[in-house]
There are 2 protein chains.
Amino acid sequence: MTAEAPATGPNTRIQREKRELILGAALEVFSTHGFRGATIDQIAEAAGMSKPNLLYYYRSKEEIHSTLLHRLLDTWLAPLRELSAEGDPLKELRGYIRRKIEMARDFPRESRLFANEMLQGAPRVGEMLTRELKPLVDEKAKVLRQWMRAGKLGKTDPHHLIFAIWATTQHYADFDVQVRAVLGLDRAGEGRFEDAARSIEALFLEGLRPR
Amino acid sequence: MTAEAPATGPNTRIQREKRELILGAALEVFSTHGFRGATIDQIAEAAGMSKPNLLYYYRSKEEIHSTLLHRLLDTWLAPLRELSAEGDPLKELRGYIRRKIEMARDFPRESRLFANEMLQGAPRVGEMLTRELKPLVDEKAKVLRQWMRAGKLGKTDPHHLIFAIWATTQHYADFDVQVRAVLGLDRAGEGRFEDAARSIEALFLEGLRPR
DNA sequence: CTAGGATTTGTCCAATCGGTCAAAATTCTA
DNA sequence: TAGAATTTTGACCGATTGGACAAATCCTAG
């Protein structure tokens with residue numbers, strides 16, 4: 001008998017392992033070539049298996065990409081979720097910037113995968129943006145606004161502040177080539193993330209000190 | 001006689017017009033689908049001509065993309081070139097931020113084309129980054145550093161400051177879908193660029209006031 | 001140790017892609 | 001307005017792509 005396609009969910013040990021292996025390989029390929037630029041053969045080779053074997057675990061290229069993207073968003077939003085209304089405003093913001101820079105440093109492929117999707121108009125996660133991202137950002141924006149009203153944080157538009165933090169931190173993952181080219185060989189070592197973190201923190205937090 | 005391919009340079013009126021028409025169509029297609037995601041047929045259709053006709057004006061898909069990218073870089077660097085060592089530091093920086101936000105608003109496709117190229121590791125303009133971009137940035141970084149030493153500008157790493165300005169402004173073009181989704185229908189009108197400009201200026205310039 | 005399911009792969013297919021070519025249509029020029 | 005040069009296109013080609021299928025191999029429970 002032909003085996004039922006295991007695409008519904010991981011059952012056996014092998015299925016869990018292979019599915020994970022495929023996602024890792026796909027992340028590598030999708031993040032550097034984009035969805036259409038990536039081929040199933042490339043992903044299969046990166047995962048060390050044949051193309052039909054890969055398609056045994058995921059029904060289509062679409063499904064791999066979609067799985068990757070949906071799984072990513074949670075990880076991606078975690079740093080913002082951690083921003084707590086109870087903490088000290090400046091400390092909380094500093095922590096948020098830190099966590100975002102660390103993600104750019106430790107998960108650049110995830111960042112580029114996400115950037116690729118956004119550049120193309122979010123055809124596959126568009127709905128998630130309004131259903132998950134927007135509510136979370138609105139909630140945290142409210143926290144920021146309360147801090148500002150309480151005089152514990154300089155006044156600025158909370159949404160655009162969050163955009164600015166996203167943009168500056170993710171820049172070091174998405175535009176890595178450019179950053180490295182501009183900094184030159186001597187300053188483009190791994191320390192660039194530490195330098196970036198300090199600069200971004202100083203820029204934003206200096207301007208946001210209550211006055 | 002068979003006509004010589006006009007790919008060497010624009011000669012007749014028709015050639016100039018059609019070449020421009022093709023570049024416009026190609027910008028639209030490349031910026032939303034990336035290089036590999038775009039097809040010659042799509043570009044040809046967007047330009048209102050047949051595929052062989054398009055290939056009469058440009059020898060290959062590569063050549064169109066490359067032309068677009070090289071032509072773009074000059075436009076793209078213009079705002080930074082305008083930053084003058086003679087002017088008032090804070091006014092100069094404010095002007096630079098303004099110009100960059102205006103470019104994100106008026107030329108979002110160009111921004112996305114560039115972002116796409118960067119995301120993929122700048123395979124086609126990598127050399128231009130070190131030959132043109134780096135020297136320019138280094139020159140302007142020196143200007144910023146002089147201002148800082150003279151006490152006319154708060155101290156921070158000039159390179160990372162420039163990165164931050166790039167990131168925050170281009171974010172509104174490259175991540176437009178996300179920005180719109182988060183701001184919601186009511187705040188996502190054209191005014192969002194004006195709001196963004198004010199927020200970014202306030203954030204950066206407040207923190208950079210000499211103290 | 002063996003039967004039945006799970007896993008793997010070689011082979012194939014239709015669609016799409018970038019690009020060619022020769023012929024047709026149009027435009028320019030003398 | 002005739003003839004030459006330029007511009008346009010239909011038809012075609014080889015390569016690549018996403019995916020299907022059935023046969024072969026592997027694993028594991030009884």
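What you see below is based on every heavy atom in this structure, not just the backbone, and it leaves out hydrogens, waters and symmetry mates. Lettering of chains follows the sequences in order, A, B, ..., and the numbering in each one begins at 1.
Taking the salt bridge (charged side-chain N to carboxylate O under 4.0 Å, His left out) definition, one finds that B/R109 meets it with B/E28, sequence neighbours left out. Partners of A/W166 under the ring pair (Phe, Tyr, Trp, His ring centres under 6.0 Å) rule, at least two apart in sequence or in another chain, are A/F163. Taking the side-chain hydrogen bond (donor to acceptor under 3.5 Å, both in side chains) definition, one finds that B/D157 meets it with A/R187, sequence neighbours left out. By the ring pair (Phe, Tyr, Trp, His ring centres under 6.0 Å) test, A/F35 is found to be paired with A/F30, A/H65, residues two or more places apart in sequence or in another chain being considered.
In this model, the phosphate group of C/dT7 is approached by a side-chain N or O of A/Q15 to a distance below 4.0 Å at OP1 or OP2.
Using a cutoff of 4.0 Å between basic side-chain nitrogens and carboxylate oxygens, A/R98 and A/E82 are not scored as salt-bridged.
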Please report, to 0.1 Å, the donor-acceptor pairs under 3.5 Å made by any side chain of residues 131-144 of chain B, with sequence neighbours excluded.
from	atom 1	to	atom 2	distance (Å)
B/R131	NH1	B/E127	OE2	3.1
B/K134	NZ	A/V182	O	3.4
B/K134	NZ	B/D138	OD2	2.6
B/D138	OD1	B/H159	NE2	2.8
B/K140	NZ	B/R81	O	3.2
B/K140	NZ	B/L83	O	2.7

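Per the geometry, OH belonging to B/Y58 stands 13 Å off P belonging to D/dT7, to the nearest Å. Rounding to whole angstrom units, CD of residue B/E62 and C1' of C/dG18 are separated by 12 Å. At whole-Å resolution of the value, NE2 in B/H65 and C1' in C/dG18 are 15 Å apart.
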- [ ] Indicate for each nucleotide in nucleotides 8-18 of chain D, in 5' to 3' sequence, whether protein heavy atoms under 4.0 Å reach the base (B), only the sugar-phosphate (S), or nothing (-).
- [x] BBBB-----SB
